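To keep things clear, I will list the structure first and then write my remarks on it.
What you see below is based on every heavy atom in this structure, not just the backbone, and it leaves out hydrogens, waters and symmetry mates. Keep in mind it's a predicted model, so treat the numbers as computed, not measured. Chain identifiers are assigned alphabetically (A, B, ...) following the order of the sequence lines, protein sequences preceding nucleic acid strands; residue numbering begins at 1 within each chain.
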Protein chains: 2
Amino acid sequence: MRFSKATNYALHTMLMLVDASTVKPVGVQQLAESQGVSPTYLSKILTRLVKAGMIESVSGVNGGYRLSRTKDDITFLDIIHAIEGTASLFECDFVHGTECSIQAVMKEAEEKMERHLQQTKLADLAQKQTQV
Amino acid sequence: MRFSKATNYALHTMLMLVDASTVKPVGVQQLAESQGVSPTYLSKILTRLVKAGMIESVSGVNGGYRLSRTKDDITFLDIIHAIEGTASLFECDFVHGTECSIQAVMKEAEEKMERHLQQTKLADLAQKQTQV
DNA sequence: CAATTACAGAGTTAATATATCTATAATATC
DNA sequence: GATATTATAGATATATTAACTCTGTAATTG
Ligand code: SF4
Ligand code: SF4
C-alpha cells in the first residue's frame with residue numbers, strides 16, 4: 001500500500017513541464033537526468049500521460065514532451081490515475097448484498113483522499129516548486 | 001497501490017470478533033474457514049493484531065481469539081495500521097527544503113483518508129455485518 | 001500424558017514493481 | 001534524400017513484495 005515510484009516520477013515531471021514552455025518541448029533526457037532515473041524508463045511512464053491526453057510528445061530532433069492544453073485543469077488525481085489506474089484500493093471478490101458496510105467505509109475513505117487530490121491542481125504548485 | 005488481502009482478512013475477522021463473545025474465544029479454524037483462507041496464514045495476521053493490543057489469544061483446547069478490551073474504541077485505522085504499517089503512502093528519498101509542496105499535498109490527501117478511517121469505529125458496523 | 005490450539009521462523013510461490021534492451025517510427029537539419 | 005536525434009513498442013530481466021506453506025515449539029485443557 002504505497003504509491004509507486006512511477007507516480008513520483010510522473011508528478012515531478014509534470015511540475016517541470018508546467019513551468020516549462022508549452023511550445024518548445026523538453027527532452028526526456030533532461031527530465032530523467034534531474035530525477036536520477038533512466039530516460040527509457042521515464043519515457044515509458046510519460047507515454048501513459050500522453051495517452052491520458054495531458055501531455056503531448058514530439059519525435060525527432062529537439063523533440064520531447066510538453067503540456068497539451070491549458071495547464072490549469074490538470075489535477076494530482078489525473079496524474080495518479082493515469083499511472084496507478086482507477087481501480088478501487090480495497091478489493092473484495094465477493095458481493096454480500098448491495099450494501100456492504102466494510103466496502104462502504106473503505107470506499108468513502110478513499111474518496112476523501114481523491115477529493116483532495118482532485119481539488120489540487122498542478123498550477124497551484126507551479127513556480128513554488130523549483131527543482132527536483 | 002492497493003490494500004493487501006491481509007488487511008481484508010483482518011477487518012473481517014475483527015468484525016466477527018466484535019459480534020462474538022468477549023470471554024469465550026473463537027478458534028482461528030472457524031475464522032479462517034468462513035473467509036476461505038488457511039488457518040495458519042490467518043493466525044500469522046492475527047498475531048499482529050494481538051501485538052497491537054486490540055485482541056488477545058488463548059492457547060490450548062477451546063482457545064482462540066477474542067477482543068481484548070472495550071470494543072468501542074477500535075477504529076478501522078487501528079486495524080489497517082497494524083497490518084499495513086504506518087509509513088507514509090508517498091515516499092521520497094530526497095529532502096528539498098522543509099516545505100516540499102508535493103509531499104504536502106500527498107500527505108494531506110492521505111490524512112483526509114485516515115481521518116475518515118479513524119472516525120469509523122468497529123462498533124459502528126457491528127451487527128450490521130452478518131457474514132463474510 | 002494426550003489432544004488441541006496459538007506462535008515463531010524459515011522457506012516457497014506468485015504477483016508486481018522497476019527497470020533494461022532492442023528494434024522501429026517520426027522529425028529536423030543538412 | 002541521408003543522417004542524427006528523439007519518442008514508442010515489445011520483449012525481457014531483475015528486485016521487491018505479497019501471499020501462502022511447512023515444521024517445530026509452547027501453552028492450555030482435561
Ligand atoms: S462483507 Fe463486504 S467486503 Fe466482506 S467479503 Fe462480503 S462484500 Fe466483500
Ligand atoms: S521536490 Fe519534494 S517530493 Fe520531490 S524529490 Fe524533492 S522533497 Fe521529494
query: Between dC22(D), dA7(D), dT20(C), which nucleotide has the shortest distance from any of its atoms to the side chain of K44(A)?
result: dT20(C)
message: Would you say Y65(B) and T13(B) are linked by a side-chain donor-acceptor pair, where the criterion is simply a distance under 3.5 Å?
response: no
task: For the side chain of A6(A), starting at C-beta, report the closest nucleotide among dT27(C), dT20(C), dT18(C).
output: dT18(C)
5' priority, DNA chain D, between R2(A) and V58(A) [closest heavy atom]: V58(A)
- prompt: With a non-hydrogen cut-off below 4.0 angstrom, is Y9(B) in contact with a base, only sugar-phosphate, or nothing?
  reply: sugar-phosphate
- prompt: Could you state the CG-P distance from N8(A) to dA17(C), rounded to the nearest angstrom?
  reply: 15 Å
field: Distance below 4.0 Å between S38(B) side-chain N/O and dT21(D) OP1 or OP2
entry: yes
field: Atom-pair distance (CD on Q35(A); P on dT18(C)), nearest Å
entry: 14 Å
query: Which residue lies toward the 5' end of DNA chain D, S57(A) or S59(B), if each is placed at its nearest nucleotide?
result: S57(A)
task: Whole angstrom is fine here: how far is it from CG in L89(B) over to P in dT17(D)?
output: 15 Å
field: Closest to the K5(B) side chain, choosing from dA19(D), dA19(C), dG9(C)
entry: dA19(D)
- request: Could you check how far CE of M1(B) sits from P of dA17(C), rounded to whole Å?
  value: 12 Å
query: Among dC7(C), dC20(D), dC21(C), which is the nearest nucleotide to the side chain of T40(A)?
result: dC21(C)
query: Looking at dA6(C), dA7(D), dT20(C), which one has an atom nearest to any side-chain atom of V28(B)?
result: dA6(C)
query: Tell me: CD1 of I45(A) to C1' of dA9(D), nearest whole Å?
result: 15 Å
message: Classify G60(A) by what it touches in the nucleic acid, base, sugar-phosphate, or nothing, heavy-atom distance under 4.0 Å.
response: base
- prompt: For the side-chain contact (heavy atoms from CB on, under 4.5 Å) test, which of D78(A), L122(A), L17(A), L67(A) pairs with M54(A)?
  reply: D78(A)
message: Distance alone, cut at 3.5 Å: any donor-acceptor contact between the side chains of T75(A) and Q119(A)?
response: no
message: Over all strands shown, is S4(B) touching base, sugar-phosphate only, or nothing at heavy-atom distances under 4.0 angstrom?
response: sugar-phosphate
task: Consider the side chain of Y65(A), meaning its heavy atoms from C-beta on, and name the nucleotide among dT29(D), dT8(D), dA28(C) that approaches it most closely.
output: dT8(D)
- request: Find the distance between CD (Q29(B)) and OG (S34(B)) and round it off to the nearest 0.5 Å.
  value: 11.0 Å
message: What is the separation between atom CG on L31(A) and atom C1' on dA7(D), rounded to the nearest whole Å?
response: 12 Å
field: Nearest heavy-atom neighbours spanning V28(A) and P39(A)
entry: CG2-O, 3.7 Å
query: How long is the line joining CD of E84(A) and C1' of dT18(C), in whole Å?
result: 13 Å
query: Rounded to the nearest Å, what distance is computed from the CG atom of residue N62(B) to the P atom of nucleotide dA27(D)?
result: 19 Å
